[in-house]
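Please read all numbers here as calculations on a predicted model, not as lab measurements. Below, read A as the first sequence line, B as the second, and so on, with proteins coming before strands; counting in each chain starts at 1.
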Protein chains: 2
Amino acid sequence: MLPAPFDVLPETAYRVLNLDAGETLFRQGDPSRGIFYLITGSVRLLRFARGGETIVVHRAGPLETFAEASLFVDVYHCDAILEQAAQLVELRRDPVLRQFHSDPLFAMALTSRFATQVQTYRRRLELLAVRSAQERVFTALAEGFLTGDIKTFATEIGLSHEATYRALSHLVRRGHLIKTGRGKYCVKTT
Amino acid sequence: MLPAPFDVLPETAYRVLNLDAGETLFRQGDPSRGIFYLITGSVRLLRFARGGETIVVHRAGPLETFAEASLFVDVYHCDAILEQAAQLVELRRDPVLRQFHSDPLFAMALTSRFATQVQTYRRRLELLAVRSAQERVFTALAEGFLTGDIKTFATEIGLSHEATYRALSHLVRRGHLIKTGRGKYCVKTT
DNA sequence: TTCACCTTATGATTGAAATCATATCTGATG
DNA sequence: CATCAGATATGATTTCAATCATAAGGTGAA
């Protein structure tokens, strides 16, 4: 049920929660209980500007973890509000830290997970820095971002789906991409 | 000289390198030697699309680390080319891993560093999803992204510096921000 | 089969940010 | 002090992606 490396944790280290849309998982300043893993649904992490405006710090979706840093700090630094009803796993802080200290493989795997995420996010940031839609779509494709459907792909790379379709057409017409099927494209091999 | 948590590493764990612009630090497929920390200068991490096009996976600047994931994988997955001449520290893989296993505090600190980075990158990605320049600038300010000068700030939040200056002016005129000095702004308290 | 719905796809219009241009202010340096 | 480089700042123009509109192709359910 849990993704690696959390699958080695004993049953006492986590519990499954079912929450409705709009419910609060934790609030800024609450003592940190642990990391969370979303099975289904979505959660918004919110902070509040001094003027009172709400700032969405992050939006977590299915199969994602969030609040990882809470392992190493004492309190949550933002609010977590359920966007959609969700089933999620609370990975309790103390048992996870205990595992971290007693099990070097777990420690390594956890660190490796974070390091890989850092890498992935950097790639996405670099991608979003590309101004031209065509170049961005091409790069994203070459980097393997197109896994599901085009609309999801478009959202991930920060373009409207129309702009994405257009860029794809242009790239095919200009010979940089090959269309291998409905909604399927691949980078042309030299 | 080294930032936490690497400052606890023994001298044998690292060495300082001086490289010129254009030099290659490592190539895709090279056995991974370790993490790098840039003192000055900049490095581009590049991958190559099948069509032969160069893709910038990441650009690292002064005081940044890169190739963190190399600790946990055997080979580099991209090229590292010096953009500007740089002084950098090579944190050798084996000694770092040894420290990781023998020193739980180091392990924790390293993991915490990565977790915090993940958090920061997620915030930046969320920020880049904000379409309006004014809203983006406001959010970025409220989130504390303005640390150095405005041009750096502008780059970080994916706007031209002109658009950023304009957005700042508008926000001040509309009463959302207070200008506290040349290039200094703060969010208005309710 | 028919209907509804979603994805894919493309055309037309618009708006907002990039770009180009210019000027002032500040700090560093000789 | 004079000069120069860079940051700050704003105006004018252009560009390009968002948006709005529309339609064909596919899929699943009644």
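Residue B:Y165 places no side-chain N or O under 4.0 Å from the OP1 or OP2 atom of D:dT10. Applying the 4.0 Å criterion to OP1 and OP2 of D:dA5, one finds that B:K151 has every side-chain N and O outside that range. Of the side-chain N and O atoms in A:S169, one or more sit less than 4.0 angstrom from OP1 or OP2 of C:dT10. Side-chain nitrogen and oxygen atoms of A:R131 include at least one within less than 4.0 Å of the OP1 or OP2 phosphate oxygen of C:dA18.
In this structure, A:F100 and A:F72 have perpendicular ring planes: the angle between them is above 60°, well past the 30° mark. The aromatic rings of A:F106 and A:F6 lie perpendicular to each other, with more than 60° between the two planes, well past the 30° mark. Using a 30° and 60° split on the angle between ring planes, A:F26 and A:F66 fall in the tilted class, from 30° to 60°.
Residue B:A163 places its side chain closer to C:dA17 than to any other of C:dA17, D:dA17, D:dT10. Of the candidate nucleotides D:dT8, D:dA17, C:dT7, C:dT7 has the atom nearest to the side chain of A:R182. Closest approach to the A:I150 side chain among C:dA18, C:dT26, C:dT8 is made by C:dT8 (side chain taken as heavy atoms from C-beta onward).
The distance between atom OH of A:Y185 and atom C1' of C:dT8, rounded to the nearest whole Å, is 8 Å. Between the P atom of C:dA9 and the CG atom of A:L177 lies a distance of 12 Å, rounded to the nearest Å. Atom CD in A:E135 sits about 16 Å away from atom C1' in D:dT15, given to the nearest Å. If you take CZ of A:F153 and P of C:dA9, they are 13 Å apart, rounded to a whole angstrom. One interatomic measurement links the two molecules: CG of B:D149 to P of D:dA5, which rounds to 18 Å at whole-angstrom precision. C:dT7 atom P lies 14 Å from atom CG of A:L146, rounded to whole Å. Per the geometry, CD belonging to A:E162 stands 9 Å off P belonging to D:dC20, to the nearest Å. Atoms NE2 (A:H161) and P (C:dT10) sit 14 Å apart, rounded to a whole Å.
Across all strands shown, B:K179 has heavy atoms under 4.0 Å from sugar-phosphate atoms exclusively, and none from any base. Backbone-only contact: A:L159 has heavy atoms under 4.0 Å from sugar-phosphate atoms and none from a base. Heavy atoms of A:G158 sit under 4.0 angstrom from primed sugar atoms or phosphate atoms, though from no base atom.
The shortest side-chain heavy-atom distance between B:V57 and A:R122 does not fall under the 4.5 Å cut-off.
With hydrogens and angles left out, the side chain of B:R166 and the base of C:dT19 share a donor-acceptor pair within 3.5 Å.
Looking at which nucleotide of DNA chain D each of A:Q134 and B:G183 is closest to, the 5′-most match is held by B:G183.
Under the 3.5 Å distance criterion, with hydrogens and angles disregarded, a donor-acceptor pair is assigned to the side chains of A:Q119 and B:H77.
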